[in-house]
There are 4 protein chains.
Amino acid sequence: MTPNVVETSTAATGQLGRAEALATSLLSQRGEASGAAIARQLHDVLRKLAAEDRRKFQRFLATGFTPDATHLRAAAETYLSQPSAEAAASLAQAADPPRQELLRRMNMAPGGTSALVAMRKEIDGRLRAEPELRPLDSDLKHLFASWFNRGFLQLRRIDWRSPAVVLERLIAYEAVHEIHGWDDLRRRLAPDRRCFAFFHPALPDDPLIFVEVALVEGLAGAVQPLLVQEGDDDAARERASRADTAIFYSISNCQDGLRGISFGNFLIKQVVEELKAELPHLRQFSTLSPVPGFRRWLTRRAAANDDPAIAALARTETGPGWLEIARGDPSLKQTIMRVCASYLTRRASAEDRADPVARFHLGNGARLERINWLGNTAARGIAESFGIMVNYLYDVATIERNHEAFVNDGTVMRAAEVDALLAADPVSTPNQGSHAVTTP
Amino acid sequence: MTPNVVETSTAATGQLGRAEALATSLLSQRGEASGAAIARQLHDVLRKLAAEDRRKFQRFLATGFTPDATHLRAAAETYLSQPSAEAAASLAQAADPPRQELLRRMNMAPGGTSALVAMRKEIDGRLRAEPELRPLDSDLKHLFASWFNRGFLQLRRIDWRSPAVVLERLIAYEAVHEIHGWDDLRRRLAPDRRCFAFFHPALPDDPLIFVEVALVEGLAGAVQPLLVQEGDDDAARERASRADTAIFYSISNCQDGLRGISFGNFLIKQVVEELKAELPHLRQFSTLSPVPGFRRWLTRRAAANDDPAIAALARTETGPGWLEIARGDPSLKQTIMRVCASYLTRRASAEDRADPVARFHLGNGARLERINWLGNTAARGIAESFGIMVNYLYDVATIERNHEAFVNDGTVMRAAEVDALLAADPVSTPNQGSHAVTTP
Amino acid sequence: MTPNVVETSTAATGQLGRAEALATSLLSQRGEASGAAIARQLHDVLRKLAAEDRRKFQRFLATGFTPDATHLRAAAETYLSQPSAEAAASLAQAADPPRQELLRRMNMAPGGTSALVAMRKEIDGRLRAEPELRPLDSDLKHLFASWFNRGFLQLRRIDWRSPAVVLERLIAYEAVHEIHGWDDLRRRLAPDRRCFAFFHPALPDDPLIFVEVALVEGLAGAVQPLLVQEGDDDAARERASRADTAIFYSISNCQDGLRGISFGNFLIKQVVEELKAELPHLRQFSTLSPVPGFRRWLTRRAAANDDPAIAALARTETGPGWLEIARGDPSLKQTIMRVCASYLTRRASAEDRADPVARFHLGNGARLERINWLGNTAARGIAESFGIMVNYLYDVATIERNHEAFVNDGTVMRAAEVDALLAADPVSTPNQGSHAVTTP
Amino acid sequence: MTPNVVETSTAATGQLGRAEALATSLLSQRGEASGAAIARQLHDVLRKLAAEDRRKFQRFLATGFTPDATHLRAAAETYLSQPSAEAAASLAQAADPPRQELLRRMNMAPGGTSALVAMRKEIDGRLRAEPELRPLDSDLKHLFASWFNRGFLQLRRIDWRSPAVVLERLIAYEAVHEIHGWDDLRRRLAPDRRCFAFFHPALPDDPLIFVEVALVEGLAGAVQPLLVQEGDDDAARERASRADTAIFYSISNCQDGLRGISFGNFLIKQVVEELKAELPHLRQFSTLSPVPGFRRWLTRRAAANDDPAIAALARTETGPGWLEIARGDPSLKQTIMRVCASYLTRRASAEDRADPVARFHLGNGARLERINWLGNTAARGIAESFGIMVNYLYDVATIERNHEAFVNDGTVMRAAEVDALLAADPVSTPNQGSHAVTTP
């Protein structure tokens, strides 16, 4: 044992020890009077902690600050013997983990919310390996669900007049169709595009989720043309004035620390309202979405099924040359479109789950409007779904009905065009007929 | 029974019934998808509900939406048999009342937060008569404590450039020294005054708490001079430039619906920081505060005690002529000042509680700096405390120490000048000596 | 002569002398390098100058800082001998008074624009008595016409969220229908009212001109009902949602120092655009205006004319009891309405000028839409025009045509209803027929 | 001649003709009533005009709209015969070109100011070839000098929270040390940097001039280290907290259309005030400036002078290898530094003008503080001045004195260190001795 190591270790423990003492103090009576000051000191210490010590501090939070056992036991026994409303309330109070109050007090310092969101992001990847972190994760999630309530979110339009600090985060956070630097970003914010994000007042420069919208004529079926620069701002303004359709072609969650707290449904619906007010000539609002689970499903399906078409598709190599082959082979197109329609319209179950993107939009009340051949010719799109892209249409008049149908019995509301694809499908007999709707 | 009555009653039940159905729906799976829309409808219905129906709806909320009894019972039993961390967490989850989730969803609509705060204000006065409302009150308080966390509050300076909608609320909410209309308000916002308030982003025009500050030379001991207009804005600016002391002469909570959630401590401390940054020549920060409990205490004390001075004071009539008498009677002044010093410095107990204003400032770490004879000559001031006003000094260097002394053993830190008043006090032997501090 | 007096006088002269020296210095080469600093000092001195010294300083500005006589003479001679474009330009430059450059440099200090506007206001009333001030007035007006160009004005809506510092100026500046304090102001800003003002960036809290608008159903003919409070904000919002007509019932210039620089025409037209965008259901935009010159004209007319009706009207006593008489006398109404229609529609001339309010709106392209009996029952309205109020309608489609007709040959475009009043008019034969338009 | 050509030409003339008609109309009485609308139409037409037609329109403006010759002649004659103040004023009015009023009316439309600034930029390069454009240039400059008065400019700090639309203009406009894209820009806006710009309210997204400042310890003598990224934002904040010196290392005018209207002097002085308020620990404010005229002067000087050192320097090849030579040759450094000190401190004259950057800063009252060997190792810096960079120090206490000395007799105030370089200078005998000041 060398003195150096001891010193280093002591120093490290010193700061970790200080953080732990501050956390304990923050939850004490002293924390009631000087909470904001102690919380600020605690975050100052945490910011400078070495990674390993930060992990130790997180385990310290996760394993301590539990309800008082004697108290909780007594409350549980009282409730069991006399299960009144009061007894239930006392039990709830006794079971409420002090850790949540500690986290609330940590939030009192400037930057506290941001630091807590970052903490949850940091432990997120370690939950499997360190299951003792789960109570901390769960308490953070519970608090965030309360703090990031829809009522506290602010919708802001993002454009080229937005602060650079916000814009650079768009570049960083775009998860669907990568933004290649500032010039590419500028195209996404041209006058025939819209971008909206939710912000929380405690994170004023950091979007929670954002959506990118293209103003076009008719339903766009391919994403690459939407990402390309065409003409100058005047030309874009001109196109916007002719647009009758808003295409939501990318929606990205920004904060890993808020995983499990859903904003997308609210965002899409409010953006539809904003666009209607700004651009009364818009007639339809639709996504242009990927089908990320299609080929995974094909593979599983091929194993369980002796349909030779499925098996063949599941084996298809979609390397560099495939796109050319696909363009020249109408029967390949027909097969893939049919099978994909079947994939998207079948009644999902716990064992055979719906495509995640489909589940999100259908659960929000959108309708499966169109399946587009080679809608995304990027490598990832081909690898996931043979380049197929899907339009989910948000029609305010039918949202409630579509939603009910989907959550109640898994019925996928869809346009007649989708049913037509299914007509000759040998794979499955999807739920059809009455669910087909005619696009107005 | 007339048909008319039946119809009216049915109509009333109709809207109330609709509100109850919407609330139930809001907590269902449908509420997950369309929560914001349902919440908006619910608030629309509630806004138009007759008073009696609104009360019924509140009882509906307060008595329903309790945890599932079977589930809770099982969780309690599991915990008692195997008291692990997981079991405690499951128990906490089972005990968490669904009512809180419902209230969180009611918050999703525009204006939701404001409506919930108003609801708590409305039930506040009925809690004694209708104890069944208490679970609702308690859940609202729990949520508000989380939502109105210090980390989410915004400090704003209020001055004559503030929106009228905010200023009229200052006039309405001022609880200490009434503001008599717009001209009087303007004096409170003159260049030798400061006013700061906390706001929450969801209530952008509605202050939560505000404090009024006078910039003066030396410790101000009387409030009336601070409320009077002197000269024009230029004269006020001139006075501000000479000021060495900031006097916090009024602090008002604005939202009855947030009762029990404390902002004052945070506000005073942050305003001290703001003022230091803006006006580096300020040397001391002090309140000028009432002593609302003094005469009530005297009365109780007189009953329990045979000290003739106390008894005489307790019997004093402080009607219209008293002020003149008081001004002409030095021994009366001496007696009252001595007894008041004793009142403020004694070690309080559960049976003999500290003055509420003293408890607030001493608990925040302030020091009892000076007791002022006839500091408030308004009728209420005389009725409460023979016109005595007190300075509590906020000195950042000693705040922690003062706070610890007060909360640990009830020691009241104070200036030597206060001890001097106590010297000949026949009433009690307060805790003195080492606690007397010399004002620098 | 006492030393004291000498000293005082010297001190006074000293500050005036200092102001004059600073002004001279500001125009020198030194002023080019340190202009902003010198201008600031000059304004500091001027602010503290006694009234008499300030007047002397204004005369100093008005009589000095003239073009160099030798230089101007030479330029004039050159131009006369060789009248080229260059010679004209040189002459213009030589004639440009250095006073304007001095005033431009005085504008460089913070608050400079405001001080110069105030200076013009101050000399405005003295121009007759002190004609030597006229060059200063004329130079200020020339600069203001350039600085307060329409392109630099900002339209802002004023409502109850506006800063109090702006709102109190509305109360002070309202010139047509007095605002009686803050409660009255609030009514003017209710949800069924609109108020818009032009601001200049250099005077951010000080409106230049503002207009008050009522949102009503149908053309409002009487002003008193518009000034009365009816119901709460919800009721007002409800009325606004039903409104089809915007009535501009008050327009006030705020800055005497900007006399002669016209904003009203621009303001009305832009407010029409704003209202159309905000409230697409509005169908007509009209003023409700006084007829301030009607009785003055009657008096002049009675002297020159032997029409007994005119003579009788001109002699009418409109004291306290008149309103009751008027309400009970249909023939009086008929006569007055007829004569007033004649007054408003006759072709005006230099000797017999148009009513000033009529000239303003007709010159802007509005149409004389309706003449309202007892539209203003306040004393002033009765004294000026027997209580008559007039609607001038702004219809974008005909503005250009109406304007051309009025400025080219004095034709007053008007509704058929106005012509009907004229039918039996014995006083004059107004220009009629083709100008009568049918309100759609 | 083909019909096609005729048609094209007619069409072109058509739009040009329309623009000319609108301009004429704008200056007519109709323009008084509908000026804003006509101006808007005119700009709409101009925006779409082909380049050649736009040039024709500019010539149309430049050659027409002159004062009425008869009127001007009469006014000139009157003045010559009776040269009173009134006659001078009348003459000024008669000489005032109507073109200025037309340009003022063109400014009334949205975007008018921006379009006029762009117009002056466009004609700027053609003034030599088309001298008939000069009156237009001169009138625009006259108006801009009035409109862009210091009193109307707004200082704004620019940082990473500024809108992207502003930031991209910084990249485009930086004229001294090129900004290589967004990453490089970010370094210029790091926490140990400051950037301030003047804006005009009519051009809210378009800076007029901006300055880049580095916060450093001691006087920075070399520019390349200031342009390099070092560490992250926390490190930069740390450096800023230690800084005692603000180095103005780049100042760029942005608007070619505002050539001749000076903002730099005001900007530097106000930024000094801003920085003092924000960072009270800053002790000195200095530029780090190029010496763009040094080698040009050497060449002229060599021709006129038989000093062999000068001649040798003038012939020096400063290609790729020179920097290495320079670093290894102390006597070369000594010679160049000496001659450069002589260049910068000599009394300039009309024939032998001061270095333009020196003239700007010395004229503003700065002091020549230090001459830095190899302060700019970029090719341009070496080509212009053998890489020499100069610190001009802005010391508020001596600004007025330095300025007076420089403008009155060309004396260059400087630090003793600069005089030391001159000591052995064989080239010239600069004005020295009393002007040398000791840096505190």
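Reminder, nothing fancy here: chain letters follow the sequence lines and each chain counts from 1. Hydrogens, waters and symmetry mates play no part in the numbers below; they use all other heavy atoms, side chains included.
Identified by a heavy-atom distance below 4.5 Å to chain C, the contributing residues of residues 72-83 of chain D are D/Leu72, D/Arg73, D/Ala76, D/Glu77, D/Tyr79, D/Leu80, D/Pro83, in residue-number order. Taking non-hydrogen atoms and a 4.5 Å limit, the residue list of residues 141-154 of chain C in contact with chain D, ordered by number, reads C/His142, C/Leu143, C/Ser146, C/Trp147, C/Asn149, C/Arg150, C/Gly151, C/Phe152, C/Gln154.
Counted within 6.0 Å of CD on C/Glu130, heavy atoms from surrounding residues, nucleotides or ligands total more than 12; the atom is thus considered enclosed. Atom CD of D/Gln100 sits in a crowded spot, with more than 12 heavy atoms from other residues, nucleotides or ligands closer than 6.0 Å. Surrounding CZ of D/Arg40 are at most 12 heavy atoms belonging to other residues, nucleotides or ligands under 6.0 Å away.
Partners of D/Arg47 by salt bridge (Lys or Arg N to Asp or Glu O under 4.0 Å), not counting sequence neighbours, listed by chain and number: D/Asp44. With sequence neighbours left out, C/Tyr394 forms a ring pair (Phe, Tyr, Trp, His ring centres under 6.0 Å) with C/His361.
For D/Ala85, no part lies near chain C; criterion is any non-hydrogen pair under 4.5 Å.
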